[in-house]
Each structure stands twice: as C-alpha cells, then as structure tokens.
Number of protein chains: 2
Amino acid sequence: MSRMHNPAHPGEVLREWLPEEMTVTQAAKELQVSRVTLSKVLNGKAGITASMALRLSSWLGTTPDVWLGMQTQWDLWQAEQQPRPKIRPLERLPV
Amino acid sequence: MSRMHNPAHPGEVLREWLPEEMTVTQAAKELQVSRVTLSKVLNGKAGITASMALRLSSWLGTTPDVWLGMQTQWDLWQAEQQPRPKIRPLERLPV
DNA sequence: GTATATTGTAAACTAACACTTATCAATATG
DNA sequence: CATATTGATAAGTGTTAGTTTACAATATAC
C-alpha cells in the first residue's frame, strides 16, 4: 500500500509555528543556526536533521519526534514516487 | 527529557530477520543492492535510507516505517549525545 | 532624497555519507 | 592444489546539510 497524499514538507509546517512578526533572521538566531540554514528548511530546500529536530523541540516545546517523523514521511513519499525494483517476498517457514 | 537507552542500530535488528543460513551475498541480491551496501548496514556502518526501508518492507513484509522509525530513533539518540546549544524556549502568547 | 542597515535567497564551498566497483584475505569446494 | 565464494575494506562518485559570502530589495537614519 502506498501513501495517498503528498505530505507537507516539514519546513512548510514549521512556517505555521513561527509568530507572524518574527523574521527568519531572528528565528535563526534563537535556534543558533545560520539564516541560510533556516531559510532552506522553510523553503523545502533542506530537510530536518536530528540536530535540527532537537533545536526545534527545545525552542517550540514539542518532541523532536514530531519533526523527524514529518521528515521521515516526506522522505518516504519521495522515495515511493521513484521507480522501484521488483523484490520477491522472502519465503518464511510457517509457524 | 532524554532517551534512557542506547537504541539498537537498525542493522543489528535486521540481522535477526535474516534466516540463519542466508548469506549477505544472497540477501543483497534479493534486495537488489550491492553486497557492500548491505554489509555496511548490518555492521552499523550505514543507516537505513527511505529507499532501503522500502526494499526491506517489500522483502520482509513489514511496513517501511518500522525501519525508518528505528533509524530515526538511532539518529536522535546519537544527536542527543552531542553537546547541544542552550536554546531559550519561545515565549508564546497564552491562549 | 540619499546613505546605511537589515532582510531573504542564491552562489560557492566544505564535510559527511550512501552508494557503487575494485580489491583482498579467508574460507569452502572442485 | 586450484578455483570460486564470501565478507569487509579501499577508492571513487553523487547528493546534501551546513557554513560564509554576495546580492537585490526593503526599511530606517540623517
């Protein structure tokens, strides 16, 4: 079975967590990454790493798993869109 | 809060799924990756990618999420062992 | 209105890493 | 003994998350 819906990029979701008036520059400073790094994430040009997930969880008061989970679902959906080899299921001895 | 226990590397878990008599070479052929690629995963020298998770799920009849989830937990634990910047929680307006 | 600072993204570069093929020592098999 | 097969290492390639630098656009100061 495949995932029906193109999941949102985590950066897209992150956008909604940022207060309206907060600039990328400010947010990057709080997260202690460069402006560029955060900008890329927000624009879907880079993914959420474990390190970034920890920063986001400290800052936003979430679990890191939320962010990494989103990234995982996104990665998985992307991979499912690629041509895939036909793999014959392993024959297991019945219990 | 941090994860208490060093989670197993997914490759370690994968080992347990392989039939006793199956060689790395055979398994790699079924998964349609090189011997080296699989060997590295089994020895914890490489992680589980989305593409690999899909191969494993096809072959072993699991969901891909199982494997990617393990990888995520492992990545997270590794990142937690590193020195981390002190990030001040974002002040949210109370509801 | 012009000068200066700040913003967000792009460009260029570096480091890490997943993958491949080639190589090698060790073990099995003819 | 000779040959083939195994699993791991070495070497090389491509991708990508991170940095600093550069730039065009907008805001702020004088």
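Here is how names work: the chains are called A, B, and so on, in the same order as the sequence lines, proteins then strands, and each is numbered from 1. Bear in mind the structure is a predicted one, so any value in this text is a computation, not a measurement.
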Indicate, with yes or no, if B/L31 and B/L42 share a hydrophobic cluster defined by side-chain heavy-atom contacts under 4.5 Å among Ile, Leu, Val, Met, Phe, Trp and Tyr. yes
Length of the CE-C1' vector between A/M22 and C/dG8, whole Å: 16 Å
From NZ of A/K29 over to P of C/dG8, roughly how many Å is that when rounded to an integer? 11 Å
Only one of A/V41, A/N43, A/V36 passes side-chain contact (heavy atoms from CB on, under 4.5 Å) with A/S39, and that residue is A/N43
Please report the distance, rounded to the nearest Å, between CD in A/Q26 and C1' in C/dT6. 11 Å
Under 4.0 Å, counting only non-hydrogen atoms across every strand here, what does A/V41 touch: a base, just sugar-phosphate, or nothing? nothing
Take the protein atom CZ of B/R15 and the nucleotide atom P of D/dG7, then report the distance between them rounded to whole Å. 9 Å
Between A/S39 and C/dA10, does any side-chain N or O lie under 4.0 Å from OP1 or OP2? no
Does C/dG8 have OP1 or OP2 sitting under 4.0 Å from an N or O in the side chain of A/N43? no
Between the side chains of A/S57 and A/W67, does any donor sit under 3.5 Å from an acceptor? no
Give A/T25 one of three labels, base, sugar-phosphate or nothing, depending on what nucleic acid heavy atoms sit under 4.0 Å from its own. sugar-phosphate
In whole angstroms, how far is the P atom of C/dA18 from the CG atom of A/D75? 13 Å
Answer with yes or no whether the side chains of B/N6 and B/Q81 bring together a donor and an acceptor at under 3.5 Å. no
What heavy-atom pair brings B/H9 and B/G47 nearest, and what distance separates the two atoms? NE2-CA, 4.4 Å
For A/S34, answer base if it contacts any base atom (sugar-phosphate contacts may also be present), sugar-phosphate if it contacts only those atoms, and nothing otherwise; contact means non-hydrogen atoms under 4.0 Å. base
Measure from NZ on B/K40 to P on C/dC17 and round the result to the nearest Å. 11 Å
Between C/dG8, C/dA18, D/dA10, which nucleotide has the shortest distance from any of its atoms to the side chain of B/V36? D/dA10
Checking all strands, does A/T23 fall into the base, sugar-phosphate, or nothing category for heavy-atom contacts under 4.0 angstrom? sugar-phosphate
Would you say C/dC17 has OP1 or OP2 under 4.0 Å from some side-chain N or O of B/K45? no
Between C1' of D/dT15 and CD of A/Q82, the distance in whole Å: 13 Å
Distance below 4.0 Å between A/S51 side-chain N/O and D/dA17 OP1 or OP2: no
Between CG of B/L14 and P of D/dG7 the distance, given in whole Å, is 13 Å
Ranking B/R35 and B/M52 by the position along DNA chain C of their nearest nucleotide, the one closer to 5' is B/M52
